[in-house]
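Structure, as structure tokens:
In listed order, ligands and their atoms are each counted from 1. Keep in mind that this is a model prediction, so the values were computed, not measured.
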Amino acid sequence: MNDPLKKWRYEAIGKRITETLAEKEYDAHYVDNLEEAKKLVLEMVPEGALIGLGGSTTLNQMGIIDTFREGNYRLIDRYNCANHEEEVQKYHEAMNAEYFLCSTNAITEAGELVNMDCSGNRVAAMIFGPQRVIIVTGANKVVKDLNAAMARIKEIAPLNSKRIHHDTPCTHSGVCEDCQTRKRMCNYMTVIYHGRKNPGRITVIVVGDELGM
Ligand code: SF4
């Protein structure tokens with residue numbers, strides 16, 4: 001990030017939310033940049049591990065998917081599928097992964113992780129299934145409360161829809177029109193309130209920067 005004031009702000013927000021997340025019994029870590037986040041993930045995930053992926057701009061920015069492809073890992077590669085059926089099969093396989101990597105759409109100041117999915121594979125795996133979940137997120141995803149999280153999600157959903165060329169009304173207008181079509185992106189919303197049920201299962205790596213959408 002080139003803007004020193006923005007960087008200062010994201011560092012302050014990121015460090016504060018990391019403390020809150022640790023109090024909520026997530027395995028919480030603050031890092032300064034994506035390179036440090038990648039290094040930390042690679043320290044956590046051993047070679048040979050069975051790895052699932054949630055759709056994430058942040059993971060793509062981090063370049064870690066190629067590292068898993070090229071290294072000695074058992075990556076369930078949802079991005080290398082011949083057709084939609086195979087992709088859905090990978091979603092199922094990822095539910096039994098040893099490590100599931102993704103990002104989050106929003107984090108409230110109280111440490112709640114708020115997410116909206118099209119198919120539900122990511123939010124399902126975040127809650128239950130994979131032995132470990134590693135979430136990498138920019139501090140720009142921190143919002144005041146659940147209402148602000150919902151507002152953030154509705155703001156980014158049209159961008160996401162446009163990015164993956166989904167033919168929804170918002171890809172034409174740029175704003176959510178609460179569409180009622182089968183192409184709708186916003187179908188399954190979850191709130192993870194804390195990490196107390198299975199302490200250490202969910203890792204959140206907060207990057208003091210602006211990442212993802
Ligand atoms: S509900 Fe429909 S129109 Fe609104 S953001 Fe989601 S996909 Fe777009």
Side-chain angles (χ1 to χ4, degrees), residues 6 10 13-14 17 34 52-62 65 76-95 100-130 133-193 202 204-207 209-213:
K6 264 192 171 181
Y10 285 134
I13 292 170
I17 196 67
L34 263 184
L53 301 170
S56 163
T57 304
T58 302
L59 292 187
N60 282 311
Q61 287 173 325
M62 193 161 51
I65 300 173
I76 303 164
D77 197 345
R78 52 169 289 179
Y79 296 109
N80 265 335
C81 297
N83 51 46
H84 181 64
E85 286 69 30
E86 191 183 336
E87 191 177 335
V88 172
Q89 177 60 34
K90 303 256 175 170
Y91 293 168
H92 283 280
E93 288 172 24
M95 292 299 290
F100 186 82
L101 266 78
C102 60
S103 189
T104 185
N105 295 133
I107 309 177
T108 68
E109 288 178 359
E112 297 145 331
L113 309 178
V114 188
N115 285 284
M116 180 79 83
D117 260 16
C118 179
S119 301
N121 58 297
R122 178 185 59 135
V123 294
M126 289 170 94
I127 294 170
F128 186 84
V133 176
I134 301 176
I135 296 164
V136 182
T137 179
N140 55 306
K141 307 271 187 83
V142 177
V143 296
K144 183 163 188 50
D145 54 22
L146 292 175
N147 284 336
M150 189 64 201
R152 182 176 202 284
I153 284 168
K154 282 293 174 177
E155 198 182 314
I156 60 169
L159 302 175
N160 240 335
S161 193
K162 181 81 177 169
R163 179 176 63 87
I164 62 171
H165 310 295
H166 242 234
D167 186 20
T168 53
C170 58
T171 62
H172 303 284
S173 67
V175 294
C176 176
E177 299 192 31
D178 193 21
C179 65
Q180 302 298 319
T181 69
R182 287 195 193 280
K183 294 273 185 186
R184 182 179 164 114
M185 297 277 294
C186 314
N187 299 314
Y188 305 102
M189 184 169 163
T190 58
V191 179
I192 299 176
Y193 287 96
I202 300 179
V204 186
I205 300 174
V206 181
V207 185
D209 209 335
E210 188 173 318
L211 300 174
M213 285 198 172

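Every residue meeting the side chain to side chain contact (heavy atoms under 4.5 Å, CB included) condition with A125, not counting sequence neighbours, appears here in chain and number order: M95, F100, P130.
Atom CD1 of I153 sits about 10.5 Å away from atom CG of N160, to the nearest 0.5 Å.
No hydrogens or angles considered: nothing links the side chains of T190 and N115 as a donor-acceptor pair under 3.5 Å. When only modelled atom types and interatomic distance are considered, N121 and H92 share no side-chain donor-acceptor pair under 3.5 Å.
For atom 6 (Fe) of ligand 1, the count of nearby protein N, O or S atoms, meaning those under 2.8 Å away, is 1.
Salt-bridge check for D167 with K183: failed, with every basic side-chain N at 4.0 Å or more from each acidic carboxylate O.
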Evaluation steps, side chain to side chain contact (heavy atoms under 4.5 Å, CB included), between N140 and R152 = CA-CA 11 Å; N140 55 306; R152 182 176 202 284; 3.7 Å; yes

